[in-house]
Protein chains: 2
Amino acid sequence: MGNRQFTGAPEDADLTRADSLAREIFSDVANKWALLIIECLGDRTLRFSELRDGVAGISHKMLTQNLRMLERNGLVERTVHPTVPPRVEYVLTEPGRGLRATIDGMCAWTQRYLGHIEESRHRFDA
Amino acid sequence: MGNRQFTGAPEDADLTRADSLAREIFSDVANKWALLIIECLGDRTLRFSELRDGVAGISHKMLTQNLRMLERNGLVERTVHPTVPPRVEYVLTEPGRGLRATIDGMCAWTQRYLGHIEESRHRFDA
DNA sequence: CGGTATCCGGAGGGATACTG
DNA sequence: CAGTATCCCTCCGGATACCG
């Protein structure tokens, strides 16, 4: 896999539209909150407040903001139930579940190297 | 896989040390620049300046900062050749290569859903 | 060439209040 | 309950300059 679409400099005149789009999507998605939200959703259907409680220390604002972004990119589906009080539910779409699979990989990786990393930190800090 | 170590609230008294460490590592690693640097390195050995040219629009400062962080966590190995001018080289360690595999997954995912996402964006923006 | 230090503008993101 | 808007301040991160 040639990854110039991710690593290529944006000022490069040869950079195709697809390349810069890929980079844009990558930048949207490769951030802490987005990944944690997707991981928290998993294969469940959750309400806004359940997500707020479910994702560590995320603020109301960040949650809304990231959910909008994920919805815009078609990774989550938002369903509003016109009841009172309102009930809004979020689920991963198929692309969203695809991304989730790779995030699961990152989580597993973290678990696996937890010890390695902690050691390395101590060595480095000395 | 129980992911409470990632999604659990930090103020939760039951949160174990391992859980918060996992969260900390995840936060370090789940950021745009770190992921792009790792992806750019791949299985190559690159100099500082090669990385700066290789990673799209990254600044001197961000590159140094992220490389230090990755080195501290034991994901990259830094080798200084005591020549003049100095030559400093970076390679992924074994844990680093493990993480890289999952990032490859994210890149592949991006490529795969490029079309889906672009469409979704247009629909949303209307 | 690679790294550190300093400055500083602007985005990120929290707290709060208000609407439907 | 979910979402938007406003305020406000921190700190991210770019630009620049200077060391080894």
Side-chain angles (χ1 to χ4, degrees), chain A residues 7 9-11 23-24 26-37 40-41 44-73 75-92 124-125, chain B residues 7 9-11 23-24 26-37 40-41 44-73 75-92 124-125:
Chain A
T7 53
E11 61 275 17
R23 219 1 226 286
E24 204 184 310
F26 193 86
S27 297
D28 265 8
V29 147
N31 88 68
K32 180 182 154 183
W33 291 132
L35 296 185
L36 286 172
I37 290 170
C40 181
L41 266 176
R44 300 179 291 178
T45 297
L46 294 181
R47 305 181 58 168
F48 183 86
S49 47
E50 292 171 327
L51 274 169
R52 178 158 25 71
D53 297 342
V55 176
I58 195 170
S59 69
H60 188 99
K61 186 179 179 179
M62 281 303 97
L63 184 53
T64 323
Q65 207 165 286
N66 279 276
L67 282 174
R68 284 300 153 277
M69 181 273 284
L70 293 173
E71 189 192 357
R72 183 171 113 94
N73 287 320
L75 305 199
V76 303
E77 190 188 330
R78 177 172 178 267
T79 312
V80 182
H81 296 88
T83 61
V84 44
R87 176 183 192 86
V88 183
E89 295 180 327
Y90 296 91
V91 213
L92 290 182
F124 187 91
D125 294 342
Chain B
T7 54
E11 60 276 18
R23 217 3 224 284
E24 204 183 312
F26 192 86
S27 297
D28 265 9
V29 147
N31 90 67
K32 180 182 154 185
W33 292 130
L35 296 185
L36 287 173
I37 291 170
C40 181
L41 267 176
R44 300 179 291 178
T45 297
L46 294 181
R47 305 181 57 168
F48 182 87
S49 45
E50 292 172 326
L51 274 169
R52 178 158 24 72
D53 297 343
V55 176
I58 195 171
S59 68
H60 188 100
K61 185 179 180 179
M62 281 301 97
L63 183 54
T64 324
Q65 208 164 285
N66 279 277
L67 282 173
R68 285 299 154 276
M69 181 273 285
L70 293 174
E71 189 191 358
R72 183 171 114 94
N73 288 319
L75 305 199
V76 302
E77 191 188 330
R78 177 172 178 267
T79 312
V80 182
H81 296 88
T83 60
V84 44
R87 177 183 192 85
V88 182
E89 295 180 327
Y90 297 91
V91 213
L92 291 181
F124 186 91
D125 294 343

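Because only heavy atoms are used, hydrogens play no part in the values below, and waters and symmetry mates are left out as well, while side chains stay in. Letters go in sequence order (proteins before strands), and every chain restarts at 1.
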### Message
Rounded to whole Å, how long is the line connecting atom CG of A:L63 with atom P of D:dT4?
### Response
12 Å

### Message
I need the B:L51 CG to B:T64 OG1 distance, nearest 0.5 Å.
### Response
10.5 Å

### Query
More than 12 heavy atoms of other residues, nucleotides or ligands under 6.0 Å from CD of A:E50: is that the case?
yes

Shorter than 3.5 Å, N or O on both sides, protein versus nucleotides 14-17 of chain D: list them out with atom names.
unit_1: D:dG14; atom_1: OP2; unit_2: B:S59; atom_2: OG; d: 2.3
unit_1: D:dG14; atom_1: O6; unit_2: B:K61; atom_2: NZ; d: 2.3

## Note on the structure
With five pairs defining each end axis, the helix from C:dC1-D:dG20 to C:dG20-D:dC1 comes out bent, to 10°, by 40°

### Task
Under the ring-ring contact (aromatic ring centres under 6.0 Å, His included) rule, collect the residues that match up with A:H81, sequence neighbours excluded.
none

### Summary
Rounded to whole Å, CZ of A:R68 lies from C1' of D:dA2 at a distance of 9 Å

#### Entry: Close side-chain approach of A:N31 to A:M69, heavy-atom, < 4.5 Å
yes

### Query
Does a side-chain heavy-atom distance below 4.5 Å link A:Y90 with A:L70?
no

### Query
Rounded to whole angstroms, how far apart are CZ on A:F48 and P on C:dG20?
19 Å

### Query
Do you know which two heavy atoms are closest between A:C40 and A:V55, and how far apart they sit?
CB-CG2, 3.7 Å

## Note on the structure
Those residues at least two apart in sequence (or on a different chain) that pass side chain to side chain donor-acceptor pair (under 3.5 Å) with B:R87 are B:E89

### Query
Considering only heavy atoms from C-beta outward, does the side chain of B:F124 approach that of A:N73 to under 4.5 Å?
no

### Query
What's the CZ-C1' distance between A:R87 and D:dA2, to the nearest Å?
12 Å

### Task
Taking only the side-chain heavy atoms of A:T64 (C-beta and beyond), determine which of C:dG2, D:dT4, D:dC1 contains the nearest atom.
D:dT4

### Task
Please name all residues satisfying side-chain contact (heavy atoms from CB on, under 4.5 Å) with A:V80, sequence neighbours left out, ordered by chain then number.
A:R78, A:V88

### Task
Please list, by residue number, the residues of residues 76-84 of chain A whose heavy atoms come closer than 4.0 Å to an atom of DNA chain D; answer none if no residue qualifies.
A:R78

### Message
Tell me the interatomic distance from A:Q65, atom CD, to C:dG13, atom P, rounded to whole angstroms.
### Response
8 Å

### Query
Hey, does A:R47 reach any base, or is it just sugar-phosphate, or nothing, if we go heavy atoms under 4.0 Å?
sugar-phosphate

### Summary
From CG of B:N66 across to C1' of C:dG3 the rounded distance in Å is 15 Å

### Message
When you compare the side chain of A:L41 with that of A:V76, does any pair of heavy atoms fall below 4.5 Å?
### Response
yes

### Query
Heavy atoms, side chains only, cut-off 4.5 Å: are A:E24 and A:S27 in contact?
no

### Query
Under 4.0 angstrom, heavy atoms only, what part of the nucleic acid is B:R52 near: base, sugar-phosphate, or nothing?
nothing

#### Entry: Rounded distance in Å - CD (B:E89) to P (C:dG3)
12 Å

#### Entry: Nearest-Å distance for atom pair CG/C1', residues A:N31 and C:dG13
12 Å

### Query
CG of B:L67 to CD of B:Q65: how many Å apart, nearest 0.5 Å?
10.5 Å

### Query
Of the candidate nucleotides D:dG3, C:dG20, C:dG3, which contains the atom at the shortest distance from the side chain of A:Y90?
D:dG3

